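See structure below.
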Amino acid sequence: SVPPSTTSDNGEQMTTLFDPISFGAFVVSMLVLLDAFQRFELSSLPFMAILFVVAALSLFLLLRNERRVKHPLLPLDLLRNATMWRANAMGACHGGMIVALLTFVPIYLRVVHGASPAEIGLLMVPMTLGIAVGSITTGQVVSRTGITAILPSIAMTVATLALMAIAFLSPYLTGLQLALCLCVITICMGTVMSVVQVTVQVTAGQARIGAAAAAVQYTRSLGSALGAFNFAILGAFPQRIYGAMTNPVLTAVPLFILMGVMLERSRVAEQLLESMSRLFGRMRGGMGFSVCLIGALLAASTGIVGATV
């Protein structure tokens, strides 16, 4: 049976101890299963089957209990919201396109045009400037008109059509012409993330703003990974996952999560933001100044930028 949820002062159900235990059981069983798969032997099939059943059962119990509590470990209710999942899907597509361009354009310039590393770096500058120009321009338009989703929807369509055109016309383009075309594309792509962040944060509300921002970061990272993924190495996918999961650097991930939970439950970040809003509230762009200053303070005090922001 699932243990009863703990409750907050106002009677709301909180995440139980069962959630991290079931999540840990799922992760550990999958790690061991991947290790067994890497050293596959016919005699280990029963053991691998047991591990698979444990992982599936742990995931099932976790998802079932997550639907019962007010503050789940995984924001399933947020991701079921149409606005949320559409915004996250757009962020994933944006991340995939950006990473793919940054990964494969230098290779193309080197192999096809014979550009030197210095020339490749120079030709990549317009892409970087394009993203900055698109982001700043979109922020100004959104703040003055209130228009949000239509901007990246149109811009991403234009960027997709432009990339399709480049795919056919690239043999006839010089390196400089290609860089300028990609600059226009990245201006269009720069319209995405600011709108996505504003959309999910407004949709989630003040109480769930941290979970909404984390979901966007996760989907964007997932899209970025898929954007540069080579399907020719799909056969080595389990070994790659196992190698990544056994990386000792990843032991810091639970500490990031712990820091984020502590800041949320203690309301330190919320109180800091409220204090800064009183200080900068009457200034134009006061919210931006407040968020940047709070991020700097928390980063300096904890050293964990990702979790605090």
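Note that this is a predicted model, so its numbers are computed, not measured.
Taking Ile, Leu, Val, Met, Phe, Trp and Tyr as members and joining any whose side-chain heavy atoms lie under 4.5 Å apart, directly or through other members, the hydrophobic cluster of V202 also contains V198. Taking Ile, Leu, Val, Met, Phe, Trp and Tyr as hydrophobic and joining them when side-chain heavy atoms fall under 4.5 Å apart, one finds V125 in a cluster with L129.
With a 4.5 Å cut-off on side-chain heavy atoms, V216 and N88 count as touching. By the 4.5 Å heavy-atom criterion applied to side chains, L163 and L101 are counted as neighbours. V196 is not listed as a side-chain neighbour of H94, based on a closest heavy-atom distance of 4.5 Å or more. The side-chain heavy atoms of M127 and L102, taken from C-beta on, include a pair separated by under 4.5 Å. Counting only heavy atoms from C-beta outward, the side chains of I120 and H113 never approach each other to under 4.5 Å.
Under the 4.5 Å side-chain contact rule for hydrophobic residues, Y108 and M189 share a cluster. Put simply, V142 and I150 are part of the same group of oily side chains (I, L, V, M, F, W, Y) that touch within less than 4.5 Å, one to the next. Cluster membership check: L123 does not share its hydrophobic cluster with L169, using side-chain heavy-atom separations under 4.5 Å among Ile, Leu, Val, Met, Phe, Trp and Tyr. Residue F104 is grouped with residue V111 when hydrophobic side chains (ILVMFWY) are merged at heavy-atom distances under 4.5 angstrom, including chains of intermediate members. Two different hydrophobic clusters hold V141 and M156 under the rule that ILVMFWY side chains link at heavy-atom gaps under 4.5 Å.
Residues A167 and S170 approach most closely at O-OG, 3.7 Å, considering heavy atoms. Between P126 and C183, the closest heavy-atom pair is O-SG, 3.3 Å. Minimum interatomic distance between I166 and I185 (heavy atoms only, all atoms of both residues): CD1-CD1, 3.5 Å. The two residues S58 and A25 have their closest heavy-atom pair at OG-CB, 3.4 Å. In this structure, V54 and S29 approach most closely via the heavy-atom pair CG1-CB, 4.0 Å.
Within the 3.5 Å criterion, the main-chain N or O of A115 finds a donor-acceptor partner in the side chain of R110. Of the possible polar contacts, one joining the T191 side chain to the C188 backbone as a donor-acceptor pair under 3.5 Å is found.
The distance from the CE atom of M124 to the CD atom of E119 is 14.0 Å, given to the nearest 0.5 Å. Summarising the geometry, atom CD belonging to Q197 is positioned 9.5 Å from atom OG1 belonging to T199; distances are rounded to the nearest 0.5 Å. Atoms CE and CE, from M90 and M193 in turn, are 10.5 Å apart once rounded to the nearest 0.5 Å. Expressed to the nearest 0.5 Å, how far CD1 of I187 lies from OG1 of T138 amounts to 10.0 Å. Put simply, CD1 on I136 and OG on S194 are 10.5 Å apart, with the number rounded to the nearest 0.5 Å. Here the straight-line distance linking atom CG of L182 with atom CG of L109 works out to 8.0 Å at 0.5 Å rounding.
For R86, there are no salt bridge (charged side-chain N to carboxylate O under 4.0 Å, His left out) partners at least two apart in sequence or on another chain.
More than 12 heavy atoms of other residues, nucleotides or ligands sit less than 6.0 Å from atom CZ of F280.
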